[in-house]
Amino acid sequence: MNTAEIQAIVTKHQGKPGEVLSILEDIQSRYSFLPEDALRFVADRTGHPLRDLYGVATFYKMFSFRPRGKHLVSVCLGTACHVRRAALVAEEFESKLSVRAGETTPDGDISLESVNCVGACALGPIVVVDGHYFPNVKKASVKSIIDRTRGGLDRIDPNKDPRVFPVEVRCPRCNHSLMDPAFPIEDHPSVRVTISFGACHGWLRLSSLYGSFTIVSEYETPADTVCHFFCPHCHAELLGATSCMECAAPMVPMVIEGGGIVQICSRRGCRGHLLDL
Amino acid sequence: MISFKLNGQRVTAEPGATILETARFFGVPIPTLCDMEGLTPFGGCRLCVVEIGDGEASKLVTACTHPVQEGMRVRTASRRVVDARRMVAELLLASCPQSKTVQDLAASMGIHRQRFRQEHEDCILCGRCVRMCSEQMMSGAIGFQGRGRERRISTPFDRASELCRRCGGCIQVCPACELRCTFNEPERAVCGGCANLSPPCVDHGQFDDMQCYMDPCAACRMSGA
C-alpha cells in the first residue's frame, strides 16, 4: 500500500458529505480492491470507526476485499432477470470460466460476480461487462461475451469513431513540428518526444489521434511513473503550469497546428488530458 | 410544550421527545425489543410501531424514533398496529425461537402457535450489542456488515478486534444469543457444551484471538467441542 496515495485520496474528499463512499470508491478503482491497511489508514485519518467503514464496504457490491481481475463480469440475478432464467446464464459463466461467482480467473483476467439488479429489467437477463450492457443474454451467447471481454470491449476503432481525430503538434518552445511521418501509428504520423525517468532516457512516440492512447517507446515505462518530456529538437522540457485533474501529475503541453494547446498527463497509464482550442 | 392526542387523550410532551417516551410516561404500553435505556433509538425491530395520521394519510411509524409533533394523532392499539406488531413478533419468533425474550414477547401478544418455518438464527439484528459497544463501552469493536440476507454483526475483517476489551456488554444486552448460554436446543447449540451462564470468553485470558461474535465462539473452544 502506498500511504501517500491513500492520503491524497483522503485529502481530496475529506470534509465533504458522503466522504466515506467517495474515498472507498477511489481506493477501489486505484487498486481494484480495498486493502486492509488502506481501510485502517482511512479510519485513522477520517475518524470514522473501522467497523463503519467495513460495514459500508461490505454493504455495496462494488467493493471487494480481494484483487479483481482486469475485466469485471456482472450477471444480474434480480427478480426480472431471475424469471427469465438468469440463473442458467450465471451457471454457464461459472462453467465456462471455471470460477464461482465472486471469484477471479487464475490468470487475473476476468472477475465474475452476481448482482441483484442493474436497473435495466426490461432487457433481462442482462450481463454487464466493464460498463457495457449485454441485453437478453442466453446460455448460448455466454461464450461470445467472454471472447469479446478477453479481446477488450473498450477498444475503439480510430477510423470509425467520430470522437477520434488526428492533430498535428509543435513544440511550444522552439515551434518545431513534433510529427514523425517516418513512424506512423494507427496510419497517421506519430508524435515524437524524448522522455526520461530514473536512469532511462529515450524516445517515445504517441499516436497523433486525439482520443487514442497508443504509444510506442524505446524503454518500457513502469505504470504510474511520472516522466519528464522533452522536445527532441530544442531539448527543452515540455513543462506546463497545470497539473493533471485525474492524478495531479504535471501536464505536458504541445501546441496544435492551427491554434490551441493540447496537454497530456505525464504519468504512465493516466489518461488525463486537456484540449484547449 | 407540544400537545398531541395519544389514543384520543390530549397529552403534552417536551419538544424532541419520542412517541415511545411520552407513551411510557403516560402509562400506555408499547412493546419494544431493540430499544434500551441508555442507547440511542434504532428503530430496527419494528415492534413498537404505532399509527399516526388520519384515514388515507395514516401510516405506521416506529414510536422509538418518531419525535412528537404538535397536533398529531397517535394510536397505539388500532387494528392495523396490532396486526403489524403480531406479524413482526411471529417473524422474530420464527427466526429466533430459542430466545426467552422473544418467546415472552410473542406470548404476551397471544401468539401460541408458530406459523412460519423456524430458522434458529443466532441474531435478529436488533443492533443492541453494536450500540452498547460504541455508546456505553466506548469501544466500537463490532458493527453491522453486509446487506439483505447476508447482513450480520461481526468485527472488521472477522478477526479479533484490538478495540475489544472483552467487557461482555454485548452478550449482556443480547436478546437472542441466550441459546449459547442457556443450552436449551442441543443440536443447534453452537458450543455443544457450555451450559454456562457466565460467558467464558470474558473471564479467561486464553482467548486472545477469539470473540463471542466469531465462529466458532470462544466458549466452544474452551470446552474443546
Side-chain angles (χ1 to χ4, degrees), chain A residues 1 6 18 20-21 23-25 27-28 31 33-67 74-82 86-87 90 100-103 112-119, chain B residues 34 39-45 121-171 173-174 177 201 209-215:
Chain A
M1 186 193 80
I6 309 278
V20 168
L21 216 47
I23 291 170
L24 295 185
E25 270 183 324
I27 296 173
Q28 168 83 35
Y31 294 96
F33 75 113
L34 299 176
E36 179 176 341
D37 294 345
L39 228 54
R40 290 186 187 277
F41 182 83
V42 173
D44 185 48
R45 290 302 153 98
T46 60
H48 290 287
L50 185 63
R51 70 189 150 98
D52 287 354
L53 296 181
Y54 193 76
V56 170
T58 51
F59 186 87
Y60 293 103
K61 282 255 181 182
M62 61 191 169
F63 297 122
S64 162
F65 289 106
R66 272 175 296 170
S74 312
V75 182
C76 181
L77 295 179
T79 312
C81 293
H82 176 81
R100 305 267 299 276
E103 293 176 353
L112 180 67
E113 65 165 22
S114 64
V115 292
N116 290 334
C117 194
V118 295
Chain B
C34 72
L39 303 182
T40 51
F42 182 58
C45 73
E121 297 285 343
D122 294 333
C123 179
I124 52 176
L125 300 170
C126 67
R128 270 196 193 185
C129 52
V130 175
R131 285 172 289 150
M132 186 72 179
C133 187
S134 62
E135 292 170 17
Q136 290 294 334
M137 297 308 168
M138 310 319 249
S139 166
I142 52 175
F144 283 102
Q145 292 172 12
R147 170 184 199 170
R149 284 179 56 192
E150 271 104 58
R151 195 144 175 89
R152 63 202 185 88
I153 288 166
S154 186
T155 52
F157 303 100
D158 290 325
R159 284 209 300 276
S161 169
E162 58 272 27
L163 294 173
C164 177
R165 300 188 300 270
R166 293 176 177 70
C167 66
C170 47
I171 307 170
V173 297
C174 180
C177 76
C201 48
D209 301 325
M210 301 299 301
Q211 273 167 19
C212 174
Y213 283 93
M214 296 174 65
D215 195 20

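Predicted, not measured: the structure shown is a model, and the values here were computed from it. Convention: sequence-line order gives letters A, B, ...; per-chain numbering from 1.
- Crowding of B:Arg165 atom CZ: a count of heavy atoms from other residues, nucleotides or ligands under 6.0 Å exceeding 12.
- For the set B:Gly148, B:Gly146, B:Gly140, the entry with the most heavy-atom pairs within less than 4.5 Å of chain A is B:Gly146.
- The number of heavy atoms from other shown groups lying within 6.0 Å of NE2 (A:His82) does not exceed 12.
- To the nearest 0.5 Å, atom CZ of residue B:Arg149 and atom CG of residue A:Asn116 are 10.0 Å apart.
- With contacts defined as side-chain heavy-atom distances shorter than 4.5 Å, the pair B:Arg151/A:Phe59 qualifies.
- By the 4.5 Å heavy-atom criterion applied to side chains, A:Arg51 and B:Val130 are counted as neighbours.
- Contacts of B:Phe157 with chain A are made by both backbone and side-chain atoms, with heavy-atom separations under 4.5 Å.
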